[in-house]
S.K.: 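Before I ask anything, let me first share the structure, which is written out below as structure tokens.
Order of appearance sets the numbers: ligands from 1, and atoms from 1 within every ligand.
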Amino acid sequence: MDKKIVLLLFTLILNFISLVYTDDSQPSILQLEGFIYDQFPKYNDNFEPATGSLTPGMVLPNIDTTTRVPNLVSLSTSTTVNKNGRMNTPNLYQYFFQSNTGASKTSDSGLNVPMTIKLNLTLDENRGVYVYNNQYFFPIDNQGFDVDSSYKIYSNGSVYHNFHFCLKINSKFTFQGIEVFNFIGDDDVWVFINDYLAIDLGGLHSAASKSVDLTTLTINGQKLVKGTTYNFDFFYCERHTTASTIRIETNLQTFCPTYDYCNVCRGDGSTCCSATLCDDGNPCTDDICPSPETVIASGKTIKDYCQHIPKTCAVIDKCSNNTCSMSTGQCVQQTIPCQSKASQCMTLDKCDATQGCLYTQACTGICNTGVCNSGTCEVKSNSACASELGNDKCKIYSCDPVKGCVSEPLCKQGSNPCIVATCSNGVCGTNTLSASECDCGCEGKLNACEKNNCVNGQCSPLRIDIDDGNACTIDVCNNSTGVVTHDPVTTCTGCMVCNSKTGGCVPTDSLCEDGNECTDNKCVADSSNANYGTCQSSVKSCNTTTNKCLVWNCDSETGCYSTDRVCPDSGKCQVGYCDPDQGCLLKNRTCSSTAYCIVSECDESLGCITYDRRCAADNARCQKGVCVNGTTPTDGKCESVNYDPQPFVCKTAAVVSTAVIAGVTVAGAVALAAFVYGGKKGYDYWKESQNITMSGANNNPLYQSNPNGGENPLFNEDLN
Ligand SMILES: *[C@@H]1O[C@H](CO)[C@@H](O)[C@H](O)[C@H]1NC(C)=O
Ligand SMILES: *[C@@H]1O[C@H](CO)[C@@H](O)[C@H](O)[C@H]1NC(C)=O
Ligand SMILES: *[C@@H]1O[C@H](CO)[C@@H](O)[C@H](O)[C@H]1NC(C)=O
Ligand SMILES: *[C@@H]1O[C@H](CO)[C@@H](O)[C@H](O)[C@H]1NC(C)=O
Ligand SMILES: *[C@@H]1O[C@H](CO)[C@@H](O)[C@H](O)[C@H]1NC(C)=O
Ligand SMILES: *[C@@H]1O[C@H](CO)[C@@H](O)[C@H](O)[C@H]1NC(C)=O
Ligand SMILES: *[C@@H]1O[C@H](CO)[C@@H](O)[C@H](O)[C@H]1NC(C)=O
Ligand SMILES: *[C@@H]1O[C@H](CO)[C@@H](O)[C@H](O)[C@H]1NC(C)=O
């Protein structure tokens, strides 16, 4: 045997073995995964209304990217499209494609029952399209509401069926450059491609058909780009007896971009998790299922990922707290008692709802320093009065509870008027006057407030010194009794205190202190009475910085404190953050991918999702796109790999002839065996021979290039 042929046979055998391990065949099933919402006419009167007709224009041309559901053009009952489309109660349309299991069993409550559904489209090998054809499309018979047999009241005339449901499929596809999508059925059908309405068969109608050729489809003037991944969203409602038909034909390779931990496409975890499963027995926590994209590690259960969020009770006021009761799970309001501040010489005034506990200051006496020592008001010392009144060493200072600081002479005049008391720098002395100096005829002429004084031998009486040094008192001597009084010259009231030097009333903030760290307290003089002052209290302004990212608060006991501002997200794809100068801002959520062949992107309804990159093939009818990771997360490429076996549409005349040539070249029996073994094996054999002996095949005089350029002449581009 020729060496080449030995090698070929070897490869052939090896290839048979490797076939067991590789699968490059075109998938025979395309699965569409979505949700079905079972509806019941009593709960949603858009179901089983009067018969209608095909009504395009009921929904907006762009899908709602947050809910991934179409929105009605109008929620008014009077628009023509809503009337013609038998949207009797447009407000109940929102429950067509969104679960509403909490609603009551009353008329038009919108109550529905959500379920998951998988539709298997099977490959029509001859035409290279996936087909789903069901002229009795009742996928939820005996399910949903109809688990309770009293709901089984609708039939197609002879047989019970569960009519009245809506189907939603939110998927994606990577455009291969050859796709078409054909639909025939009833009732409402809306198909969105790249978020844009591409099929609009709204309304109640008998089977209607529509095709979309994605290769010519333009959205806002733009054609689809080969290799780009787009959204594909399909909505279908069965709203009326007595038929339910659906026929889908497409070569779109849709896929589900993300599964929840229940393995439901775009699920929210609710099919396998509930608050009951997550219950931690604490009535003061909200038990929440893990977020849908959570990966449950092996050895763990969903329960290990449940979240238990403490219930928050509204803040009512600063005099009470409102906390969750562990026995009932209800918020209970309790008065917060004000603490005693006796040790700070304060007595409780009241609790103010916005400011908290307020106290009154006890150390407000004129002789108090304002300092409190373990519950006792400190009294002004004599030396404090001395420095207040001028520190004359020849005076004795003290504080009088009524008048404040006062003084009297250190050196007292004795009863002998001829011995005059003197004081020099705090030292008392006497000055003995001569008889003539002492009395030059004053005796008997002096009143009780006067003393001897001789000037040039003449009596010139002097007033005795009665000044107490305190400008706030008027110093009076009674001429007949000699009694000296120091009555307050001015009466300062409210929070005003007399200044002993100037004699004026001075506002004194310390008298307004209320023992609350969140108030600023000031004494303010009355505009019409300078001796009277009132306390004015204002909420302390805590914000002293320009930083917009700090939130200031105040605790009546400890004062101002700041916390970091929390900036809320907007939707699932905009993350809130704080800028010190600008405050809260939003930025796009970044979803990072670990490899080129893993796409990570943000989905408005789910947040970050990751899925395997789908590649477009050079010739998508005959090849599949394969993604190859590179060495870095951004580096990689798409390759095209022939389907194996080649789909019928790709089996060209050239293929047959090449195989035959190869077969002839190889010993006849081997080649025959290879073909008999099965079409696929024979085909593999051809593939190998192509790799190894193609040049030989081309050189073979029997070889003819195919006039259809490699396409199967049996294949008709038009899928209809
Ligand atoms: C669809 O196909 C899957 C396998 O791919 C199979 O498990 C499932 O039962 C099929 N569903 C229906 C409704 O035939
Ligand atoms: C009702 O549906 C069944 C299939 O479930 C079908 O065989 C029958 O012909 C239908 N009857 C009518 C009146 O359409
Ligand atoms: C609420 O106030 C009550 C009564 O003063 C107290 O027993 C309780 O600890 C307070 N709860 C909180 C959370 O501060
Ligand atoms: C002086 O004192 C006497 C006796 O106490 C009293 O009667 C008299 O009114 C006083 N004089 C003045 C001016 O205060
Ligand atoms: C007390 O006596 C002085 C003279 O020493 C006199 O000027 C004054 O007016 C007298 N005061 C009264 C209240 O009589
Ligand atoms: C705090 O003060 C700064 C500057 O006056 C201002 O820009 C900022 O918004 C204030 N913050 C709050 C929380 O009021
Ligand atoms: C944020 O995301 C939107 C929508 O995906 C995009 O149009 C916009 O350019 C993004 N902005 C930035 C700063 O990346
Ligand atoms: C690419 O690399 C990622 C991360 O290592 C891996 O999960 C993924 O399966 C790889 N994909 C392919 C097609 O090799």
Side-chain angles (χ1 to χ4, degrees), residues 21-24 27 36 38 48 51 132-144 146 149 151-165 172 174 176 184-187 204-207 227 229 238-247 253 255-259 293 295 297-298 446-450 461 463-464 466 468 473-489 591-601 608-617 623-641 643:
Y21 299 102
T22 61
D23 187 6
D24 286 340
I36 278 204
D38 190 11
E48 206 63 24
T51 52
Y132 185 82
N133 181 13
N134 192 340
Q135 297 307 301
Y136 301 102
F137 185 54
F138 299 107
I140 54 168
D141 276 0
N142 300 305
Q143 300 174 53
D146 293 5
S149 61
Y151 283 86
K152 296 166 71 167
I153 57 174
Y154 293 98
S155 81
N156 69 351
S158 55
V159 181
Y160 146 80
H161 284 299
N162 189 346
F163 291 87
H164 313 121
F165 56 83
K172 286 183 183 285
T174 296
Q176 305 280 341
I184 305 178
D186 68 340
D187 293 299
L204 302 186
H205 52 82
S206 52
T229 300
E238 172 47 50
R239 283 206 275 150
H240 204 286
T241 53
T242 55
S244 177
T245 70
I246 180 169
R247 179 180 167 92
Q253 294 173 25
F255 63 92
C256 172
T258 182
Y259 292 85
E293 74 286 357
V295 177
S298 70
L446 302 177
N447 68 31
C449 297
E450 290 171 327
R463 300 284 294 167
I464 58 169
I466 57 167
D468 66 357
T473 56
I474 182 161
D475 308 316
V476 175
C477 185
N478 185 316
N479 280 353
S480 54
T481 62
V483 172
V484 176
T485 54
H486 309 279
D487 288 326
V489 63
C591 300
S592 59
S593 165
T594 54
Y596 177 77
C597 296
I598 306 280
V599 178
S600 188
E601 65 186 23
C608 282
I609 58 172
T610 55
Y611 54 87
D612 292 339
R613 182 184 298 277
R614 264 62 169 190
C615 284
Q623 294 177 314
K624 66 174 185 179
V626 174
C627 185
V628 182
N629 281 327
T631 48
T632 68
T634 51
D635 165 39
K637 62 179 179 202
C638 283
E639 288 180 349
S640 299
V641 171
Y643 283 127

S.K.: Report yes or no: is the SG-SG distance between Cys449 and Cys477 under 2.5 Å?
M.R.: yes
S.K.: Tell me the protein heavy atom at minimum distance from atom 11 (N) of ligand 2, and give that distance in Å.
M.R.: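 Atom 11 (N) of ligand 2 sits closest to the protein heavy atom Asn156 ND2, 2.9 Å.
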S.K.: For atom 2 (O) of ligand 4, is some protein heavy-atom partner under 4.0 Å away?
M.R.: yes
S.K.: Evaluate the side-chain proximity of Phe137 to Thr245: yes if any heavy-atom separation is below 4.5 Å, no if none is.
M.R.: no
S.K.: Going by the order shown, which atoms of ligand 4 are within less than 4.0 Å of some heavy atom of Ser480?
M.R.: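 Those of ligand 4 that fall under 4.0 Å from Ser480 are 1 (C), 2 (O).
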S.K.: Quick one: which ligand 8 atoms are inside 4.0 Å of a heavy atom on Ala595?
M.R.: 1 (C), 2 (O), 3 (C), 4 (C)
S.K.: Dump the intermediate steps for side-chain hydrogen bond (donor to acceptor under 3.5 Å, both in side chains) on His205 and Asp186, then the final yes or no.
M.R.: CA-CA 6 Å; His205 52 82; Asp186 68 340; over 6 Å; no
S.K.: How far is atom 7 (O) of ligand 8 from the closest protein heavy atom, and which atom is that?
M.R.: Ile598 CD1, 3.9 Å
S.K.: To which protein heavy atom is atom 6 (C) of ligand 4 closest, and what is the distance rounded to 0.1 Å?
M.R.: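 Going atom by atom, the protein heavy atom closest to atom 6 (C) of ligand 4 ends up being Asn478 ND2, 4.0 Å.
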S.K.: Can you tell me which residue and heavy atom of the protein come closest to atom 4 (C) of ligand 4, and the distance to 0.1 Å?
M.R.: Thr481 CG2, 3.5 Å
S.K.: What atoms of ligand 8 come closer than 4.0 angstrom to any heavy atom of Cys627?
M.R.: 13 (C)
S.K.: Would you indicate whether Ile474, at its atom CD1, is surrounded by more than 12 heavy atoms from other residues, nucleotides or ligands within a distance under 6.0 Å?
M.R.: no
S.K.: Testing the 3.5 Å rule here: is there a donor-acceptor pair between the side chains of Tyr136 and Asn156?
M.R.: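 Checked: Tyr136/Asn156 side chains show no N/O donor-acceptor pair below 3.5 Å.
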S.K.: Over 60° means perpendicular and under 30° means parallel, so classify the ring planes of His161 and Phe138, tilted if in between.
M.R.: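 Parallel: the ring planes of Phe138 and His161 meet at under 30°.
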S.K.: Using a 4.0 Å cut-off to any heavy atom of His161, which atoms of ligand 2 qualify?
M.R.: 2 (O), 4 (C), 5 (O)
S.K.: Got the closest protein heavy atom to atom 9 (O) of ligand 2, with its distance?
M.R.: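 Of every protein heavy atom, Tyr136 OH, 3.8 Å lies nearest to atom 9 (O) of ligand 2.
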S.K.: Would you kindly say whether Glu48 and Thr241 are connected by a side-chain donor-acceptor distance under 3.5 Å?
M.R.: yes
S.K.: Ignoring hydrogens, just give me the one of Val626, Asp612, Asn629, Thr594 whose non-hydrogen atom is nearest atom 12 (C) of ligand 8.
M.R.: Asn629
S.K.: Do side-chain atoms of Asn134 reach the backbone of Ile246 as a donor and acceptor pair under 3.5 angstrom?
M.R.: no
